[in-house]
Asker: 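Quick one: the structure is below, questions incoming.
All values below come from the heavy atoms of this structure, side chains included, with hydrogens, waters and symmetry mates left out. Both counts, for ligands and for their atoms, begin at 1 and track the order of listing.
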Amino acid sequence: MTDCLFCRIAERGIPAKILYEDELSLAFEDVNPQAPTHVLVIPRKHIPTALDIREEDKGLIGHLYIVASKIAREKGIAQPGFRLVMNCNRDAGQAVYHIHLHVLGGRRMHWPPG
Ligand code: 5GP
Ligand code: ZN
């Protein structure tokens, strides 16, 4: 069994509040939300960081954004606005090394981010 947390969530080995899934991706609630809406969108494919995205993954990455938009609409944060974030490596605070788009909304976001 994989020791990647998000691969295990995708395989349903670890429980999560899954909002959406298809053959390529999964969206689930973040366990430690930083905003009223905080959803993670992941590919089923294990890609450790944004630096590991390959030419062949272009369609998959676009798909993650489409799923994120769908979640934003369903959560009612599309028009007020929301933020999509992918942290990469230590200085950005990446904690789980399986790429994920954070979908954050439901409150006013600050810029520049901390
Ligand atoms: P990162 O810091 O890597 O960009 O984001 C990792 C995110 O995963 C964090 O927001 C953290 O709260 C979330 N997270 C960590 N472990 C779990 C878990 O077991 N379940 C869920 N649903 N989210 C998790
Ligand atoms: Zn993984």
Asker: Between ligand 1 and Gln94, is the shortest N or O to N or O distance under 3.5 Å?
Answerer: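 It does not: no N or O of Gln94 is found under 3.5 Å from an N or O of ligand 1.
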Asker: Is there a side-chain contact between Glu21 and Arg44, using heavy atoms and a 4.5 Å cut-off?
Answerer: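 Answer yes - side chains close enough.
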Asker: Based purely on interatomic distance, does Ile9 place a nitrogen or oxygen under 3.5 Å from a nitrogen or oxygen of ligand 1?
Answerer: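 Between Ile9 and ligand 1 (N or O atoms, distance only) the closest approach is not under 3.5 Å.
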Asker: Taking heavy atoms and a distance under 4.0 Å, where does Leu40 meet ligand 1: side chain, backbone, both or neither?
Answerer: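 Under 4.0 Å from ligand 1, Leu40 contributes side-chain atoms alone.
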Asker: Any chain of hydrophobic side-chain contacts (each under 4.5 Å) joining Phe6 to Tyr65?
Answerer: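 No, separate clusters.
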Asker: Using a 4.5 Å cut-off on heavy atoms from C-beta on, say whether the side chain of Asn89 contacts that of Tyr97.
Answerer: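 Contact flag for Tyr97/Asn89 side chains = yes.
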Asker: Mind checking whether Ile14 contacts ligand 1 via backbone (N, CA, C, O), side chain (CB onward), both or neither, at a 4.0 Å heavy-atom cut-off?
Answerer: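 For Ile14, no heavy atom sits under 4.0 Å from ligand 1.
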Asker: Which residue is it: Ile77, Leu19, Ile66, Leu101? I am looking for the one with a side-chain contact (heavy atoms from CB on, under 4.5 Å) to Ile71.
Answerer: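 Among the candidates, only Leu19 passes.
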Asker: For the Zn ion (ligand 2), what is the number of protein N, O or S atoms at a distance under 2.8 Å?
Answerer: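 Count of protein N, O, S atoms less than 2.8 Å from the Zn ion (ligand 2): 4.
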Asker: Tell me which part of His100 gets within contact of ligand 1: side chain, backbone, both or neither, using heavy atoms under 4.0 Å.
Answerer: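 For His100, only side-chain atoms sit under 4.0 Å from ligand 1.
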Asker: How far does NZ of Lys70 sit from OG of Ser25, to the nearest 0.5 angstrom?
Answerer: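 If I round to the nearest 0.5 Å, the distance is 10.0 Å.
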Asker: Without swapping roles, check the side chain of Gln94 against the backbone of Ala92 for a donor-acceptor pair under 3.5 Å.
Answerer: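 Judged by distance alone, no pair lies under 3.5 Å.
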Asker: Around atom 2 (O) of ligand 1, find the nearest protein heavy atom and jot down its residue, atom name and distance.
Answerer: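 Answer, as residue, atom name and distance: Gly93 O, 2.8 Å.
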Asker: According to a hydrophobic-cluster definition based on side-chain heavy atoms being under 4.5 Å apart (Ile, Leu, Val, Met, Phe, Trp, Tyr only), do Val103 and Phe28 belong together?
Answerer: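 Different clusters.
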Asker: In the protein, what heavy atom is nearest to atom 16 (N) of ligand 1, and what distance, to one decimal place, separates them?
Answerer: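 Atom 16 (N) of ligand 1 sits closest to the protein heavy atom Leu5 CD2, 3.3 Å.
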Asker: Taking only heavy atoms of Asn32, which atoms of ligand 1 are found under 4.0 Å from at least one of them?
Answerer: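 Once the distances to Asn32 are compared, the set is 12 (O).
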Asker: Can you confirm whether the side chains of His63 and Asp22 place a donor and an acceptor under 3.5 Å from each other?
Answerer: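 Their side chains do contain a donor-acceptor pair, which is all the 3.5 Å distance test asks for.
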Asker: Atom 10 (O) of ligand 1: which protein heavy atom is closest, and how many Å away?
Answerer: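 Scanning the protein heavy atoms, the shortest distance from atom 10 (O) of ligand 1 goes to Asp30 OD2, 2.5 Å.
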Asker: Which residue owns the protein heavy atom closest to atom 14 (N) of ligand 1, what's the atom, and how far is it?
Answerer: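 Atom 14 (N) of ligand 1 sits closest to the protein heavy atom Val31 CG1, 3.9 Å.
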Asker: Is the closest heavy-atom distance from Gln34 to ligand 1 below 4.0 Å?
Answerer: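 Not so, Gln34 does not reach ligand 1.
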Asker: Within a strict 4.5 Å, meaning less than it, do heavy atoms of the Ile99 and Pro43 side chains meet?
Answerer: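 They are in contact (side-chain heavy atoms under 4.5 Å apart), so the answer is yes.
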Asker: Give me the nearest non-hydrogen protein atom to atom 3 (O) of ligand 1 as residue plus atom name, then the distance to 0.1 Å.
Answerer: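 Of every protein heavy atom, Ala95 N, 2.7 Å lies nearest to atom 3 (O) of ligand 1.
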Asker: Mark up the atoms of ligand 1 that fall under 4.0 Å of a heavy atom belonging to Glu29, in ascending order.
Answerer: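 This gives 22 (N) as the contact atoms.
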Asker: For Phe6, take its heavy atoms, then give the atoms of ligand 1 lying under 4.0 Å from any of them.
Answerer: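 Within the 4.0 Å cut-off of Phe6, ligand 1 contributes 8 (O).
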Asker: So, the side chain of Arg90 versus the backbone of Ala95: is there a donor-acceptor pair under 3.5 Å, distance only?
Answerer: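 Judged by distance alone, no pair lies under 3.5 Å.
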Asker: Once rounded to the nearest 0.5 Å, what's the spacing between atom CG of Leu104 and atom OG1 of Thr37?
Answerer: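 The CG atom of Leu104 sits 9.0 Å away from the OG1 atom of Thr37.
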Asker: Is there a side-chain contact between Val67 and Leu64 in this structure, where contact means two heavy atoms from C-beta onward sitting under 4.5 Å apart?
Answerer: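 Not in contact.
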Asker: Check this for me - ligand 1, Val96, N or O atoms closer than 3.5 angstrom, yes or no?
Answerer: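 Between Val96 and ligand 1, an N or O pair is found under 3.5 Å apart.
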Asker: Would you say Tyr97 touches ligand 1, if touching means a heavy atom closer than 4.0 Å?
Answerer: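 Tyr97 does not count as a contact of ligand 1 under the 4.0 Å cut-off.
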Asker: Among Ile42, Ile9, Ile47, Leu40, exactly one meets side-chain contact (heavy atoms from CB on, under 4.5 Å) together with His98. Which residue is that?
Answerer: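 Only match with His98 under side-chain contact (heavy atoms from CB on, under 4.5 Å): Ile42.
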Asker: Does a sphere of radius 6.0 Å around CZ in Arg73 hold more than 12 heavy atoms from other residues, nucleotides or ligands, not counting ones at 6.0 Å or beyond?
Answerer: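 Atom CZ in Arg73 is not crowded, with 12 or fewer foreign heavy atoms closer than 6.0 Å.
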